[in-house]
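Residue numbering restarts at 1 for every chain, and letters A, B, ... go by the order of the sequence lines.
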Protein chains: 2
Amino acid sequence: MVDKNIRIKDIAKLAGVSVGTVDRVLHNRGRVSPEALKKVTEVMEQIDYKPNLIARTLGSNKNYRIAALLPDPKQDPYWAQSNLGITQAQTEWAQYGIQVELFLFDLLDKNSFQKMAHEVYLAKPDGILIAPIFYHEALPIFELFRETDIPYVLFNTNIPEASPLSFIGQNLYQSGRVGAELLYFGQHQPGTLAVLHIDEDIHDSVHLLEKEKGFREYFKDKGKINFSIIDFILNPKDPSFQKQLEELLEDPALRGIFVSTSKGTSVTASLLEKHGKKDIRLVGYDILDENLRYLKSGIIDFLINQNPKRQASLGISHLVNHLMFKKGTPGTDLFPLEVITQQNVDSYLGSGIH
Amino acid sequence: MVDKNIRIKDIAKLAGVSVGTVDRVLHNRGRVSPEALKKVTEVMEQIDYKPNLIARTLGSNKNYRIAALLPDPKQDPYWAQSNLGITQAQTEWAQYGIQVELFLFDLLDKNSFQKMAHEVYLAKPDGILIAPIFYHEALPIFELFRETDIPYVLFNTNIPEASPLSFIGQNLYQSGRVGAELLYFGQHQPGTLAVLHIDEDIHDSVHLLEKEKGFREYFKDKGKINFSIIDFILNPKDPSFQKQLEELLEDPALRGIFVSTSKGTSVTASLLEKHGKKDIRLVGYDILDENLRYLKSGIIDFLINQNPKRQASLGISHLVNHLMFKKGTPGTDLFPLEVITQQNVDSYLGSGIH
DNA sequence: TTGAAAGCGCTAACAA
DNA sequence: TTGTTAGCGCTTTCAA
């Protein structure tokens with residue numbers, strides 16, 4: 001009533017041109033005389049024109065195909081969550097002509113990543129969501145994508161050189177600091193703190209070392225502390241894996257363990273449980289079913305939630321916003337480092353929107 | 001391409017009627033013959049019709065007025081945050097013909113609440129967002145709202161008897177349990193734990209007592225513990241307020257304090273700082289500027305984030321979804337009980353979307 | 001009770 | 001380089 005929203009039509013009238021011309025200026029599709037361009041831009045600057053995105057979407061009755069490249073959800077519950085997020089976004093956007101095609105690769109096989117990335121390229125989608133967990137193999141892929149001008153969004157792992165449309169994930173360095181904080185909090189007895197990187201492959205090493213760096217620098221900043229910090233990179237497939245871990249647990253000075261992967265968290269927890277070591281503090285990652293059990297039983301003290309589901313679903317949304325609504329997306333979307341405890345975990349399991 | 005979405009037109013064709021009839025059935029606007037009704041419903045049951053909400057919104061070119069009833073943001077930084085969330089939602093939806101009118105009342109004055117609630121009623125908006133912090137005064141208001149069939153959404157404080165369109169907030173009982181958990185965590189020395197309800201009025205008593213109940217039951221569930229729990233209801237306007245607090249701090253056995261209000265948190269922190277009591281653990285509420293400083297300096301150990309900004313903005317969105325998109329909204333939307341620490345607080349300050 | 005048709009704001013094809 | 005116009009899927013008015 002008060003102030004009817006300004007329409008393209010109004011701008012056209014004010015500038016003395018047709019809606020077609022305004023539209024062309026709006027989307028700089030060219031084929032506009034300098035005079036017309038000038039007049040329209042002048043009007044636009046005076047009026048704070050906000051396009052009606054709803055009408056825009058309906059008008060340009062387009063279908064978009066989005067390719068999602070990520071590890072096989074069957075291999076790892078963490079990636080199963082990511083996959084869930086994609087499925088969720090898919091059903092949400094399906095009615096607006098957005099199709100999401102999955103391209104899954106083997107979490108442990110760089111070649112498979114390369115192969116699937118190539119298939120994404122061949123599929124020529126309108127947008128790409130990608131978890132570039134293999135740094136070196138990913139770089140040339142981005143070259144390809146850029147050549148074809150297909151917008152791509154990174155999630156989970158950041159590769160700034162990729163200059164993506166946007167990155168969705170967490171500040172891993174800070175994540176390590178949070179881990180350190182939680183491990184240190186209220187600990188008065190001197191002793192040993194351990195950092196465990198448990199993974200079947202070291203592909204994520206950058207990922208993990210970033211966390212470790214944050215962890216260590218937290219203590220460096222603290223100045224003099226009572227703890228010695230040791231770290232391990234362990235492969236659960238390694239025959240000596242179990243033994244190495246058990247040796248660690250033997251250490252009577254061991255006060256706490258920070259595990260940098262979600263899978264490793266439950267593995268460590270199960271050992272801690274077996275050995276009845278309830279007094280060793282354990283901080284790990286993610287609200288996976290396996291971890292949930294140990295959190296509830298008190299073996300795990302804190303989880304840092306990476307929210308893989310929401311990372312993925314937001315990734316799709318970013319692409320949709322870009323493709324459909326031509327909306328600008330933030331270059332990086334850093335998720336909060338959610339601290340999960342026995343008492344607040346249920347409040348996170350509820351809606352899943354937040 | 002593969003499966004074009006089904007349109008009303010398609011249903012009409014299949015049922016051998018016109019789109020007008022289908023629309024009337026869809027929204028049971030009546031004036032449809034039993035035969036037509038039958039045919040259309042039959043087709044509808046066969047096909048999983050999902051209306052295009054975008055087209056619907058554009059088609060019914062309506063404007064909606066939403067009234068927001070909440071305490072004056074100038075009185076309290078917590079409510080300033082809520083107000084921010086409303087402003088945010090307002091600008092987001094303005095272009096689609098949604099207008100939000102603010103109705104502010106005095107946080108300390110029940111009469112002012114009643115008066116403004118009545119003004120909301122007289123304004124006859126299309127939807128209402130309300131923070132019903134005065135329980136007894138709110139009940140008759142809801143009667144009024146229901147009479148006029150205006151949908152209303154509660155936030156911050158739940159009143160189940162109000163049977164609102166939806167409630168947005170937190171599980172306060174569980175919130176108290178989280179507070180207890182954080183206060184207890186890693187505490188080995190026996191001593192005293194204090195629960196502080198600091199507020200200028202006791203209007204929120206239900207609110208606060210719910211938190212206290214959770215706090216106490218946490219320890220009850222724990223069984224034998226080393227702590228005695230004491231609690232206070234304090235009014236900062238009371239001349240003896242300062243003295244009462246200082247007396248509490250004198251207690252050498254005091255190990256930790258749980259403050260149930262966001263404002264009270266900073267008040268307590270400032271006293272703790274003044275007395276140089278860094279060893280007393282402090283758990284409070286919300287990422288307000290005042291609290292932020294004390295969190296960073298280590299006086300406050302944990303904050304439980306109630307996310308007032310997002311509560312409010314989501315409240316508006318719920319109403320919009322209901323009014324504009326005729327989308328179903330969840331009856332209650334319980335926010336996660338976010339644990340904020342020195343190390344993760346920045347990750348929360350960033351985007352604000354999450 | 002029904003169907004036809006105009007219109008929501010924008011896009012995009014087309015003719016001029 | 002321009003303006004005109006026919007949609008997009010749905011709502012809503014109006015005449016039949």
Worksheet, complete the sentence: Taken to the nearest whole Å, CD1/B:Ile6 to C1'/D:dC10 is 16 Å

Item to complete: Quickly work out the A:Arg7 CZ to C:dC8 C1' distance and round it to whole Å.
Response: 9 Å

Discussion item. Between P on D:dG9 and NZ on B:Lys13, what's the gap in Å once rounded to a whole number?
Written reply: 12 Å

Worksheet, complete the sentence: note: B:Asn61, atom CG; D:dT12, atom C1'; distance rounded to Å ~ 11 Å

Worksheet item: Considering only heavy atoms, which members of residues 21-53 of chain B lie under 4.0 Å from some atom of DNA chain D?
Response: B:Asp23, B:His27, B:Arg29, B:Tyr49, B:Pro51, B:Asn52

Acceptor/donor pairs from residues 114-131 of chain A side chains to any protein atom, 3.5 angstrom cut, sequence neighbours excluded:
| unit_1 | atom_1 | unit_2 | atom_2 | d |
| --- | --- | --- | --- | --- |
| A:Lys124 | NZ | A:Tyr121 | O | 3.4 |
| A:Asp126 | OD2 | A:Arg65 | N | 2.7 |

Item to complete: Report the distance from atom CD1 of B:Ile54 to atom C1' of C:dG9, rounded to the nearest whole Å.
Response: 13 Å

Worksheet item: Which residues pass the side chain to side chain donor-acceptor pair (under 3.5 Å) test with A:Gln170, sequence neighbours left out?
Response: none

Practice prompt. Specify the closest pair of heavy atoms between A:Asp72 and A:Trp79, including all atoms of both residues, with the distance to one decimal.
Written response: O-CB, 4.4 Å

Fill in: Relative orientation of the end axes in the helix from C:dT1-D:dA16 to C:dA16-D:dT1, expressed as an angle to the nearest 10° (five pairs per end)
50°

Worksheet, complete the sentence: Winner on side-chain proximity to A:Arg56, out of D:dT4, D:dT11, C:dT11, is C:dT11

Item to complete: Would you mind checking if B:Glu143 and B:Arg146 are paired as a salt bridge, meaning a charged N to carboxylate O distance below 4.0 Å?
Response: yes

Item to complete: Please determine if a side-chain N or O atom of A:Lys9 lies less than 4.0 Å away from the OP1 or OP2 oxygen of C:dC8.
Response: no

Item to complete: Could you tell me the separation between the NZ atom of B:Lys326 and the P atom of D:dC10, rounded to a whole number of Å?
Response: 14 Å

Worksheet item: Could you state the OH-C1' distance from A:Tyr96 to C:dC10, rounded to the nearest angstrom?
Response: 17 Å

Item to complete: Name the closest nucleotide to the B:Val17 side chain, picking from D:dT11, D:dT4, C:dG3.
Response: C:dG3

Worksheet item: A:Val19 has a side chain; which of C:dG3, D:dG9, D:dT5 sits nearest to it?
Response: D:dT5

Discussion item. If the threshold is 4.0 Å, N to carboxylate O, is there a salt bridge linking A:Asp10 and A:Arg7?
Written reply: yes

Fill in: Rounded distance in Å - OH (B:Tyr64) to P (C:dC8)
16 Å

Discussion item. Looking only at the side chains, is there a donor atom on one of B:Asn83 and B:Tyr78 sitting less than 3.5 Å from an acceptor on the other?
Written reply: no

Worksheet item: By ring pair (Phe, Tyr, Trp, His ring centres under 6.0 Å), which residues pair with B:Phe167, not counting sequence neighbours?
Response: none

Worksheet item: Under 4.0 angstrom, heavy atoms only, what part of the nucleic acid is A:Ile8 near: base, sugar-phosphate, or nothing?
Response: sugar-phosphate

Discussion item. Is there a side-chain contact between B:Ser18 and the phosphate of C:dG3, meaning an N or O under 4.0 Å from OP1 or OP2?
Written reply: yes

Worksheet item: With sequence neighbours excluded, what pairs up with A:Phe145 under the ring pair (Phe, Tyr, Trp, His ring centres under 6.0 Å) test?
Response: A:Tyr152

Worksheet entry | Pairing of B:Lys39 and B:Glu35 as salt bridge, 4.0 angstrom limit | no

